[in-house]
Amino acid sequence: MKRIARALRRGVLLASAVLLALLGCKKAEPPQVEAPSKQAFELAQRMLGKVYKQQRYAYPLPYRLFVPAGYDSSKRYPLVLYLHGAGGWGTDNVRHLNDDVAQLISSQVQALEASFVLAPQCPSTDQWVNGAHSVPFLNYVQANVPESDAARQTLQVLQEVERDYSVDKARVYITGPSMGGAGTWDYITRYAGLFAAAIPINGVNDPSRAATIATLPIWAFHGANDPVSPVSNTRTMVAALRKLGSTLRYSELPQAGHDCSAAAYHDLDVMRWMLAQRRADAAERAATH
C-alpha cells in the first residue's frame with residue numbers, strides 16, 4: 001500500500017507540473033521532474049543497462065533489460081515492453097525505473113511466469129508519439145503523425161533482444177501509462193500483429209485505426225477524472241473497438257486522475273491475463289482484416 005501511495009503522490013506532482021508548464025502554451029519545454037529515486041537506482045542494479053546507437057538518429061536510446069532469474073537459453077520466455085510516462089524522460093537510464101517496473105520484475109509477477117522486461121528511456125526532446133504539446137492531450141490521426149525516432153529505435157532494440165535472447169515471439173506484450181499509454185496504442189495500431197496483448201493506460205490514440213486491432217487482446221485503463229488525457233480518449237477507442245466485435249477489457253477508475261497505473265500492475269489478475277495471451281498466427285490474423 002505504501003508503494004501505491006508513493007506512486008499516486010508522484011503522479012499528482014507530475015500531472016500538476018505538466019499542467020503548469022503547458023496550459024496556455026502551444027509548445028513548451030518538458031516539465032521539471034524530480035531526481036531519480038533510491039528505488040530507481042536499486043532497480044537499475046537488477047537490470048542490464050545498455051544504449052542503442054545508430055548514426056542515422058540524432059540521439060542514442062538508453063534502455064534497461066530485466067533477464068529472468070535462472071535464465072535458460074534452451075527455453076522460451078515472454079517479454080514485456082514497458083513505455084514510461086513523461087516522468088521518466090531523460091538520458092540517465094535510471095529515472096524511468098519506477099513503481100511500474102518494480103512490479104513487473106517483482107517476485108510476485110515473476111512467480112506467475114519468468115519474463116523479460118524491456119524498459120527504454122525516451123529523451124525529453126522526443127516522445128513515444130509525436131503529438132500535441134498542450135493540455136489536454138486529445139486523440140489524433142495517426143496518418144498525420146510521423147513515427148518518432150524514440151519509437152523506431154525501441155522497435156530495433158526489441159528486435160536485438162529477440163535475436164540475442166531466447167524470447168518467445170508469440171508472447172511479446174506492450175504496456176505503459178500516460179505518454180507510454182499513447183505509445184502503446186500507437187505501436188499496436190501501427191504494427192498490427194507484432195504484439196500478443198496490450199495494456200494501455202490513460203493514453204491518447206487514433207480510433208479510426210480500431211479495425212487493425214479488433215482481434216488483439218487489450219485491457220485498457222483510464223482514470224475518470226484525468227485532467228491531462230481526458231477519459232473520453234479511451235472511451236472513444238473502446239466504443240470503436242466494441243462496435244467491431246472486439247472483446248477488449250476496459251477498466252475505468254471512477255476516483256482516479258492521471259496516475260492510475262498501480263491499479264493495473266499491482267493486480268495479479270491483470271498480469272495473469274496478460275501472460276496467458278499468445279499472438280495469433282499470421283494467416284489467422286490476416287483473415288480478420
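- Just one of Asn98, Leu97, Leu118, Ile174 meets the side chain to side chain contact (heavy atoms under 4.5 Å, CB included) condition when paired with Tyr82; it is Asn98.
- Side chains of Asp92 and Gln121: a donor on one and an acceptor on the other come within 3.5 Å.
- Under the 4.5 Å side-chain contact rule for hydrophobic residues, Leu158 and Val67 share a cluster.
- For the 3.5 Å distance criterion, the side chains of Gln108 and Ser106 qualify, holding a donor opposite an acceptor.
- In summary, the side chains of Tyr140 and Asp186 do present a donor paired with an acceptor at a separation below 3.5 Å, with no hydrogens or angles considered.
- In summary, the side chains of Tyr57 and Gln156 do present a donor paired with an acceptor at a separation below 3.5 Å, with no hydrogens or angles considered.
- Criterion: ILVMFWY side-chain heavy atoms under 4.5 Å apart, direct or through other members. Under it, Tyr71 and Tyr63 are part of a common hydrophobic cluster.
- Comment: Glu160 does not engage Lys50 in a salt bridge, judged by the lack of any side-chain N to carboxylate O separation of less than 4.0 angstrom.
- A 4.5 Å side-chain heavy-atom check between Leu104 and Gln110 finds every atom pair outside the cut-off.
- A 6.0 Å sphere centred on CD of Gln159 holds more than 12 heavy atoms belonging to other residues, nucleotides or ligands.
- Tested against Gln142 for a side chain to side chain donor-acceptor pair (under 3.5 Å), the candidates Thr189, Asp206, Thr212 yield a single pass: Thr189.
- Note: Phe195 and Tyr173 fail the aromatic proximity criterion, with ring centroids not under 6.0 Å apart.
- Donor-acceptor pairing under 3.5 Å is lacking for the side chains of Ser178 and Asn202.
- A side-chain donor from one of Asp126 and Tyr59 sits under 3.5 Å from a side-chain acceptor of the other.
- Side-chain N/O atoms of Ser148 and Trp128 include no donor and acceptor closer than 3.5 Å.
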